[in-house]
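Keep in mind that what you see is a predicted model, and the values were worked out from it rather than measured. Proteins get letters first, then strands, A, B, ... in listed order; numbering begins at 1 in each.
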Amino acid sequence: MISAFFIYNQKGEVLISRLYRQDLKRSVADIFRIQVISNTDIRSPIVTLGSTSFFHVRHENLFIVAVTKCNANAALVFEFCYRLVNIGKAYFGKLDEEAVKNNFVLVYELLDEVLDFGYPQNSETDTLKLYITTEGVKSERALKEDSSKITIQATGATSWRRPDIKYRKNEAFIDVIESINLLMSAKGNTLRADVSGQIMMRAYLSGTPECKFGLNDKLLLEKDTSHKGMARKSTAVEIDDCQFHQCVKLGKFDSDRTISFVPPDGEFELMRYRTTENVILPFRVHPVVNEIGKSRVEYRVTVKANFSPKLYANNVLIKIPTPLNTANINVRVASGKAKYVPAENAILWKIPRFQGQYEVMLSGDAELSAMTVKKAWSRPPISMDFQVLMFTSSGLLVRFLKVFEKSNYTSVKWVRYMTKAGSYQIRF
Amino acid sequence: MMNSDSSLSIKDSTYAVSTVVKSIMTDFRISRPNFFSTPKKGENYELRADLNSEYRDRRKDAIKKVIANMTVGKDVSGLFPDVLKNMQTDDLEQKKLVYLYLMNYAKTQPELVILAVNTFVKDTDDSNPLIRALAIRTMGCIRVEKIIDYLCEPLRKCLRDENPYVRKTAAICVAKLYDLSPNLAIDNGFVSTLQDMVSDANPMVVANAVTALAEINESSSTKDIFIINAPTLTKLLVALNECTEWGRIAILAALAEYKPADSKEAEHIVERVVPQFQHVNGSVVLSAIKVIMIYMRAIKNEEAIRQLVRKMAPPLVTLLASAPEVQYVALRNINIILQKRPEILANEMRVFFCKYNDPPYVKIEKLEIMIKLANERNIDQLLSELKEYASEVDVDFVRKSVRAIGQCAIKISEASERCVNVLLDLINTKVNYVVQEAIVVIKDIFRKYPHKYEGIIPTLCQNLDALDEPEAKASLIWIIGEYAERIENADELILTFLDTFHDENFQVQLQLVTASVKLFLKKPQSAQNIVQRSLQIATTECDNPDIRDRAYIYWRLLSTDPQAAKAVVLSDKPPISVQSNAISSSLLEELISNISTLASVYHKPPETFLGRGRFGADAVQRRAIEEQEEASRESPIQAQTKTNIENLLDLDFSDTNTVNSTTSSLPSSSKSITQPTANVDDLLDLFNDNTITSTQSSSNIQNNSVSNDLVNLF
């Protein structure tokens, strides 16, 4: 499997180098620097030189590189690299050159723990934090006492939860966060619209609670229609596919589509899902962009909010691309602020608060400077960014969250919904 | 020394004083000394002093500096005994650092490693399971012959440890030991212990035992170390749902190797694997898909297969939402899966549409898959999408998109007209590289649908001046030759190219010769001059033997029997199909067995990019040394010559031998210079011979068999 693991900075200096197997020399790090980092032609994330394969992922200003000499599981290697990035973020807040340099001892400790002989081991941040800590002395005293407990947890069937958690007030917060991806053609047809949703949970529950979670999942509700009536069916959502946190019993979901689990303590991502049917687009954009001769481009962009007037969207940003040779821009907007940002070759139009059913318009024109070579403008799509609270594009709703625990305590549950823009692009 | 050294040491000493005052171990974290500062002269000397310091935090700091130096590739092996002294400590972090150092430099100081053994063995008896595991993990990584003997006893103990964390670490350690000394691992019964551990109560131990066994099995010569039978199968299926994501992948990999007894068993296992599609980790999903794809070969029940194919589609689509690198691996695998089961994503074309900011490697893979999924129903959508891509910035991607339009035209004959129209639109954009690429693909469309789209030829010819790439030029010339009778000014066009014949690329020249012959055969009156001129240039002024020979053949053909020439040159061409690099079925099966691995990313069998055998760098070096020793024993003379060769490679010009050889070669070359006239005569003779043979061969041309061969040439 993974024979060596390196972290480089932007310049190609080795920050971390850890060999797991003897089939490589430390100097293999130089080969990657010469062949990949200093070579701008390399486009693939996997490079094989001779019989040595380099997998790399770029994060912030770092190259994270895994090296193997066998027919390794490529998907696993990349997933692992990203997991390592997440562990780094959980430990240092941000994984960049400075964080790695300042904490290189800890990084080595982590690398020693998460990979053994090149095979990934436990990579759950919550568990790792129990025995690999930033305060050397303190943790050690703690270790002596419950190191056997830690090790049991690190290898156990519920490796994500300590058994002895206690809260005075038992609470669970559920956040349904949807990213809507849209690609709209210049003619106004929806080429693709899908929602990738995330259900985040913050569980502050005592003991070992068994949770049951219910959504307005069409497949599940159809099964029950016999005794629940047909009315519900219209509001049900068809989920194309979903993934769960490892605490969810997959076998149970596969057999009767119930989501039951023992949650980890604190915040975690309970599930991810994807829907493509009946996606409600929160915003409609009608761009009219005309190139008038060679010296002017005329813009008229209308944006309409498509959700209930009781709701509103926050931090709406509309990015309208301009030609590369733009010299000057004049824009007028009814609400928000629009300004031309030459570095991004775009007009950025910000509307801090956008109420449902409202319509706003931008009109203006760009003056172009003359160019010797006339190259057609590639017209990159208009993109949007926004957040709409208490609104789901897929129509998904949380029906219930039931918590069962031996001590039979009552718990309080909170649900929030939010839709934000994923890649929301409109061609023109 | 202190004085000559710069700020670092001064800072350190003041720093040491301050820490003595405070005597707080964690303090250095706040002050954060720069461990990565540039190395200085005599630093090792300083470090040695610090490593032997009486203050523990100063020692620890020194160890950290040693590790930092090791990372940047500085040789700190000289500090081995000093670092080793710090191994015996209660500070777990310090212990880990010393172990890290040990793993790296053990080989350079094999004698001294023995000193560490005691601590290791003691640690494997520690009350803290983390320390026990750490010791056994590190011992396995120290690859020194002497230490192996000391490893066996602690390893045996740890394999039976009551703590699962220690057991799972020990399981991997067996694989390490086997890598170092297979016999020792087998003789001590470790491998059979591993086999028992597959039935361990703890899922992670099971997963690691499976991992270790799979590794040992692969490197063993007999390949009978890890065989799954009915009881282990049940154990694996139970553990699959309980262990970590990485463990699941190991178990799924083991399941993929298992050969189910019958269709029923295969269905049963598949049923247990399918829930893994819902796992959040993309590599688990791909591993599960691999198992299913393999087991589908064994399943006889058609309905069950249909169900599985249906269930596989959503997780495959979901993989496209992961990180770009994972997406790339997934896309390469989807490509393979689609060849085996084309129906699987038939309705999912839209999800492969490229986003503007996808990395280029993802975009190109998506394009490939879109072509695979293209059919009459979705072609309109696809075409408008491809047209959109053709206006993007990335030249390579634009070219591939244009090429994809051509492939669609060839694949779906109903849509060919629409494709040609899109290509014409693109040509009208006058973007240089788009036009060139479009002309190249239009040539293929003409090949596939002869005499259908001649109407667009004038448009193509208008862009003649814009072409500067050989492939595009060659394509256009081919089109002109092929449709010479429909193009009024074909002779003019060819003539303009002939003027610059010498500057053209080889493939353009070749097409030019052929096109002029075609032109002549179609318009004998007007093109006689052209054909004569082009053949003249090609035969007398061209250096490339291919072009010269082809021109000679044409010439003889035309001079003997123009009718035969017509039959040969203007014959019907074999039809072409989409060359979307279809994989042969045997390779396809092999790749399916390798889903998610490197082989599936490269679409090549693993042997092609892996070194033969599983030699480590050491083993290779050892073998090289052995070979050399053997050779020198066998024949000392040969060894002598070998070293000579090495000397030559070193380019040692002082060696008298080389000087001699160069001087001796001089006379012979001067000899050849002295007889230039004779040589020229010889050459003239050659030409005479040539003319004779040419007449002979031209008579042969009438032979049918020869002309058939010639047909193949074109």
- Message: Please evaluate residues A:R192 and B:E348 with respect to the criterion salt bridge (Lys or Arg N to Asp or Glu O under 4.0 Å), reporting the C-alpha separation (whole Å), side-chain torsions for both, the decisive distance (0.1 Å), and the verdict.
- Response: CA-CA 10 Å; A:R192 59 178 289 201; B:E348 302 281 3; over 6 Å; no
- Note on the structure: Smallest heavy-atom separation, B:V329 atom then A:A74 atom, equals CG2-CB, 3.9 Å
- Going by an N to O cut-off under 4.0 Å, is there a salt bridge joining B:K168 and A:D116? no
- Task: Name the region of A:L183, side chain, backbone, both or neither, that has any atom closer than 4.5 Å to a heavy atom of chain B.
- Result: side chain
- Task: List the steps, then state whether side chain to side chain contact (heavy atoms under 4.5 Å, CB included) holds for B:M204 with A:N122.
- Result: CA-CA 9 Å; B:M204 194 149 177; A:N122 190 359; 4.2 Å; yes
- Salt bridge flag under 4.0 Å for residues A:K249 and B:E242: no
- Item | Side chain proximity check, A:R379 to B:E388, heavy atoms < 4.5 angstrom | no
- Inspect the contact between B:E385 and A:R427 and indicate whether a charged nitrogen and a carboxylate oxygen are less than 4.0 angstrom apart. yes
- Query: Checking heavy atoms, do the side chain of B:E392, its backbone, both or neither come under 4.5 Å from chain A?
  - Reply: backbone
- Query: Are side-chain N/O atoms of B:N208 and A:Q121 paired as donor and acceptor at under 3.5 Å?
  - Reply: yes
- Message: What's the separation between atom OG in B:S322 and atom CZ in A:F78, rounded to the nearest 0.5 Å?
- Response: 11.5 Å
- Query: Checking heavy atoms, do the side chain of B:P164, its backbone, both or neither come under 4.5 Å from chain A?
  - Reply: both
- Message: Quick check: closest heavy atoms across B:L598 and A:C70, and the distance to 0.1 Å?
- Response: CD1-O, 3.7 Å
- Item | Closest non-hydrogen atom pair between A:S44 and B:Y361, with its separation | CA-CD2, 4.3 Å
- With a 4.5 Å heavy-atom cut-off, do B:I249 and A:N73 have their side chains touching? yes
- Task: Sort B:D358 into side chain, backbone, both or neither according to what part of it lies under 4.5 angstrom from a heavy atom of chain A.
- Result: neither
- Query: In Å and rounded to the nearest 0.5 Å, what is the OG1 to CG distance from A:T48 to B:L610?
  - Reply: 8.5 Å
- Would a 4.5 Å heavy-atom cut-off, applied to side chains only, mark B:L100 and A:R18 as touching? yes
- Would B:E215 and A:R21 pass as an ion pair if we require N to O under 4.0 Å? yes
- Kindly compute the distance separating CG (A:L115) from CH2 (B:W246), expressed to the nearest 0.5 Å. 9.0 Å
- Applying a strict 4.5 Å limit to non-hydrogen atoms, the region of B:V601 in contact with chain A is side chain
- Measuring heavy-atom distances to chain A, does B:A250 have an atom under 4.5 Å in its side chain, in its backbone, in both, or in neither? neither
- OG of A:S383 to NZ of B:K355: how many Å apart, nearest 0.5 Å? 13.0 Å
- Would you name the heavy atoms of A:D240 and B:P314 that are closest together and state the gap between them? O-CB, 3.4 Å
- Message: For a quick test of reading the model, state the closest non-hydrogen atom pair linking B:Y602 to A:V47 and the distance between them.
- Response: OH-C, 3.8 Å
- Message: Please classify the contact between B:F352 and chain A as side chain, backbone, both or neither, with a heavy-atom cut-off of under 4.5 Å.
- Response: neither
- Identify which part of B:A321 has an atom lying under 4.5 Å from any heavy atom of chain A, answering side chain, backbone, both or neither. neither
- Message: A side-chain contact here means heavy atoms from C-beta on lying under 4.5 Å apart; do B:E93 and A:E109 qualify?
- Response: yes
- Side-chain touch B:R137/A:E113, heavy atoms, less than 4.5 angstrom: yes
- Item | Structural part of A:Q425 lying under 4.5 Å from a heavy atom of chain B | side chain
- Report yes if the side chains of A:F104 and B:I67 come closer than 4.5 Å at any heavy-atom pair, otherwise no. yes
- What part of B:R272 gets closer than 4.5 Å to chain A, counting heavy atoms only: side chain, backbone, both or neither? neither
- Message: Quick check for you: to the nearest 0.5 Å, what is the distance between B:F609 atom CZ and A:S51 atom OG?
- Response: 10.0 Å
- Item | Contact class of A:S423 relative to chain B, heavy atoms under 4.5 angstrom | side chain
- B:T318 and A:D241: side-chain donor and acceptor closer than 3.5 Å? yes
- Query: At their closest point, which heavy atom of B:G282 faces which heavy atom of A:E79, and how far apart are they?
  - Reply: N-OE2, 3.0 Å
- Against chain B, label A:F55 side chain, backbone, both or neither, depending on which of its atoms sit under 4.5 Å from a heavy atom there. side chain
- Query: When rounded to the nearest 0.5 angstrom, what is the spacing between CD1 in B:I172 and CZ in A:F117?
  - Reply: 8.0 Å
- Message: Using heavy-atom distances under 4.5 Å, tell me whether B:I63 contacts chain A through its side chain, its backbone, both, or neither.
- Response: neither
- Message: Is any side-chain heavy atom of B:V317 closer than 4.5 Å to one of A:R274?
- Response: yes
- Query: With only heavy atoms counted, which part of A:S179 is less than 4.5 Å from chain B, the side chain, the backbone, both or neither?
  - Reply: neither
- Tell me, side chain or backbone of A:Y108 under 4.5 Å from chain B's heavy atoms, or both, or neither? side chain
- Query: Quick one: does B:E245's side chain get under 4.5 Å of A:R83's, heavy atoms only?
  - Reply: yes
- Message: Between B:Y328 and chain A, with a heavy-atom cut-off of 4.5 Å, which part of the residue counts as in contact: side chain, backbone, both or neither?
- Response: side chain
- Salt bridge check: are B:R350 and A:D194 linked by an N-O gap of less than 4.0 Å? no
